Amino acid sequence: MNTDGKTVLVTGSTDGVGRYVAAKLASAGAKVLIHGRDKARAKTLADEIKREGRGEAIFYSADLSSLAGARQLAEAVLADHRRLDVFISNAGIGSRTQGTERRTSADGHELRFAVNYLSGFLLAYLLLPLLKASAPSRIVNVASLGQHPLDFDDVMITKGYTGSRAYAQSKLAQIMFTIDLARELEGSGVTVNALHPATYMNTTMVREGGITPISTVEQGGEAILHLAEGDDVAGKSGLFFNGMQQAQAHPQAYDAAARKRLRALSLELTGLSAA
Ligand SMILES: NC(=O)c1ccc[n+]([C@@H]2O[C@H](COP(=O)([O-])OP(=O)(O)OC[C@H]3O[C@@H](n4cnc5c(N)ncnc54)[C@H](OP(=O)(O)O)[C@@H]3O)[C@@H](O)[C@H]2O)c1
């Protein structure tokens with residue numbers, strides 16, 4: 001896919017690998033909808049893109065730790081744009097963001113599940129009409145190799161909480177959603193794939209987790225760009241990639257009954273089942 005002139009939403013593009021991806025897409029001529037909460041960092045990126053003189057950057061501020069924030073972002077994008085060619089669901093928090101204690105979102109959901117998974121789920125569904133109208137179009141879910149199965153009796157991890165389990169559960173949920181949504185979108189011209197960009201890139205999330213980075217943002221960014229614009233993945237959907245290579249996710253991702261339960265739960269928690 002030639003992204004010149006295309007409209008691409010990259011959530012979590014004020015920092016880390018999302019920022020790299022947004023800048024690269026803009027330099028290829030795309031209209032990039034950059035997103036995050038930090039207005040100062042967003043301005044630095046928008047200024048950088050403007051100076052380069054290719055593409056365009058439009059900033060959307062939204063806090064994805066509340067479902068209202070995700071709705072507000074989707075509504076703004078739908079109101080402002082007549083097409084959306086690629087949606088990169090990248091915003092996320094790490095296993096230790098805001099500390100090691102269990103935290104909840106504005107809606108009372110376990111925080112990592114809310115920010116890393118539920119908001120992206122809601123955004124994807126709210127943006128689907130525009131993505132379908134812009135087909136062929138793509139959704140890229142930035143997940144991880146860190147995957148922990150969901151315990152459907154305690155999805156909000158009220159017992160035995162650890163940040164790494166919460167993070168890994170949210171990342172597997174993204175992959176289960178990817179497979180599930182791909183089935184639903186068959187024949188629509190909208191594809192959806194998930195990936196582990198790279199291991200321990202040098203980003204805020206990794207540094208605040210006290211981990212020594214072992215990959216660069218460029219490595220992970222190129223893997224995300226591959227799914228967003230690569231010709232070799234055109235028409236491919238419902239897949240998980242480790243970097244550039246197609247890979248197997250945790251077995252729960254291939255359990256249709258588990259995916260069905262997650263879908264029902266997610267529709268209920270986001271209020272979409274009532275719509
Ligand atoms: N780093 C790694 O090695 C690695 C490995 C595997 C997967 N990943 C995945 O890659 C993605 C990007 O990670 P990164 O390492 O680039 O992280 P990062 O540098 O910490 O950046 C996270 C981005 O998400 C945004 N964000 C965080 N919380 C938000 C909230 N409540 N509402 C709205 N935006 C929010 C941040 O924007 P503001 O601060 O402006 O809100 C920022 O732009 C994540 O999904 C992560 O799980 C990363």
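Counting starts at 1 for both ligands and their atoms, in listed order. Since this is a predicted model, take the numbers as computed values, not measurements.
- Nearest non-hydrogen protein atom to atom 8 (N) of ligand 1 is Tyr167 OH, 3.7 Å.
- Near Pro197, with a cut-off below 4.0 Å to any heavy atom, the atoms of ligand 1 are 6 (C), 7 (C), 8 (N).
- Considering only heavy atoms from C-beta on, Thr204 comes within 4.5 Å of Arg207 through its side chain.
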Going by atom type alone, with no hydrogens or angles, which donor-acceptor pairs under 3.5 Å involve a side-chain atom of residues 16-26 and a protein atom two or more places apart or on another chain?
residue : atom : partner : partner atom : Å
Arg19   : NH1  : Glu48   : OE1          : 3.3
Arg19   : NH2  : Glu48   : OE1          : 3.2
Tyr20   : OH   : Glu222  : OE2          : 2.5

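- In this structure, Gly69 does not count as a contact residue of ligand 1, since none of its heavy atoms falls inside 4.0 Å of the ligand.
- Taking any N or O of Met205, backbone or side chain, at least one lies under 3.5 Å from an N or O belonging to ligand 1.
- Residue-to-ligand polar distances keep Ser144 apart from ligand 1: every N/O pair is separated by 3.5 Å or more.
- Interface atoms of ligand 1 facing Met201, defined by a heavy-atom separation under 4.0 Å, are 1 (N), 2 (C), 3 (O), 4 (C), 48 (C).
- Nearest heavy atoms, Arg165 versus Gly160: NH1-O, 3.5 Å.
- Of all non-hydrogen atoms in Val233 and His226, the two that sit nearest each other are CG2-O, 3.4 Å.
- Distances between N or O atoms of His196 and those of ligand 1 include no value under 3.5 Å.
- Looking at heavy atoms from C-beta onward, Leu150 lies in side-chain contact with Met176 at the 4.5 angstrom threshold.
- Here the shortest heavy-atom pairing between Glu52 and Ser27 reads OE2-CB, 3.1 Å.
- Per-residue contacts place Tyr200 under 4.0 angstrom from the following atoms of ligand 1 (heavy atoms of the residue considered): 3 (O).
- Of the candidates Ala91, Ala62, Gly36, Ala143, the one placing a heavy atom closest to atom 33 (C) of ligand 1 is Ala62.
- More than 12 heavy atoms of other residues, nucleotides or ligands lie within 6.0 Å of OH in Tyr161, so this atom counts as buried by the packing criterion.
- At least one heavy atom of Lys171 sits less than 4.0 Å from an atom of ligand 1.
- Nearest residue to atom 22 (C) of ligand 1 from Gly209, Ser89, Gly16, Gly92 is Gly92 (criterion: closest heavy atom).
- For a threshold of 3.5 Å applied to N or O pairs, the pair formed by Val115 and ligand 1 contains no separation below that value.
- In summary, of the residues considered (Lys43, Arg51, Lys50), a side-chain hydrogen bond (donor to acceptor under 3.5 Å, both in side chains) with Asp47 occurs for Lys43 alone.
- No side-chain heavy atom of Lys236 sits under 4.5 Å from any side-chain heavy atom of Thr191.
- Within ligand 1, the atoms closer than 4.0 Å to a non-hydrogen atom of Asp63 are 30 (C), 31 (N), 32 (N), numbered from 1 in the order shown.
- Remark: minimum distance from atom 35 (C) of ligand 1 to any protein heavy atom is reached at Arg37 NE, 3.9 Å.
- Considering every non-hydrogen atom in both Asn90 and Gly12, the closest pair reads ND2-O, 3.0 Å.
- Applying the 4.0 Å criterion to heavy atoms of Ser13 picks out, from ligand 1, the atoms 43 (O).
- Atom OG of Ser134 is separated from atom NE2 of His81 by 11.5 Å, given to the nearest 0.5 angstrom.
- Among all non-hydrogen protein atoms, the one lying nearest atom 25 (C) of ligand 1 is Gly12 CA, 3.7 Å.
- Considering only non-hydrogen protein atoms, atom 15 (O) of ligand 1 sits nearest to Thr203 OG1, 2.6 Å.
- By the criterion of a heavy-atom distance under 4.0 Å, the backbone of Ala198, and not its side chain, is placed next to ligand 1.
- Atoms OG1 and NZ, on Thr14 and Lys39 in that order, are 11.0 Å from each other to the nearest 0.5 Å.
- Remark: minimum distance from atom 34 (N) of ligand 1 to any protein heavy atom is reached at His35 CE1, 3.5 Å.
- Looking at Asp38 next to ligand 1, an N or O pair under 3.5 Å apart turns up.
- Looking at Leu73, Asn90, Val17, Asn141, it is Val17 that brings a heavy atom closest to atom 16 (O) of ligand 1.
- Each of the following atoms of ligand 1 lies closer than 4.0 Å to a heavy atom of Val206: 1 (N), 2 (C), 3 (O).
- Contact atoms of ligand 1 toward Arg41: 38 (P), 39 (O), 40 (O) (distance under 4.0 Å to a heavy atom of the residue).
- Near Thr14, the atoms of ligand 1 lying under 4.0 angstrom from a non-hydrogen atom of the residue are 36 (C), 37 (O), 38 (P), 40 (O), 42 (C), 43 (O).
- Arg54 contributes no side-chain N or O that, together with a main-chain N or O of Asp4, makes up a donor-acceptor pair within less than 3.5 Å.
- Ranked by closest heavy atom to atom 10 (O) of ligand 1, the top entry among Leu145, Leu195, Val142, Thr204 is Val142.
- Here the closest non-hydrogen pair linking Val155 and Gln169 is O-NE2, 2.8 Å.
- In this structure, Glu208 does not count as a contact residue of ligand 1, since none of its heavy atoms falls inside 4.0 Å of the ligand.
- At least one side-chain heavy atom of Phe152 sits under 4.5 Å from a side-chain heavy atom of Leu262.
- Using bins of under 30°, 30° to 60° and over 60° for the plane-to-plane angle, the ring pair Phe177/Tyr117 lands in the perpendicular bin.
- For atom 21 (O) of ligand 1, the closest non-hydrogen atom on the protein side is Asp15 CB, 3.9 Å.
- Residue Leu64 has at least one N or O atom closer than 3.5 Å to an N or O atom of ligand 1.
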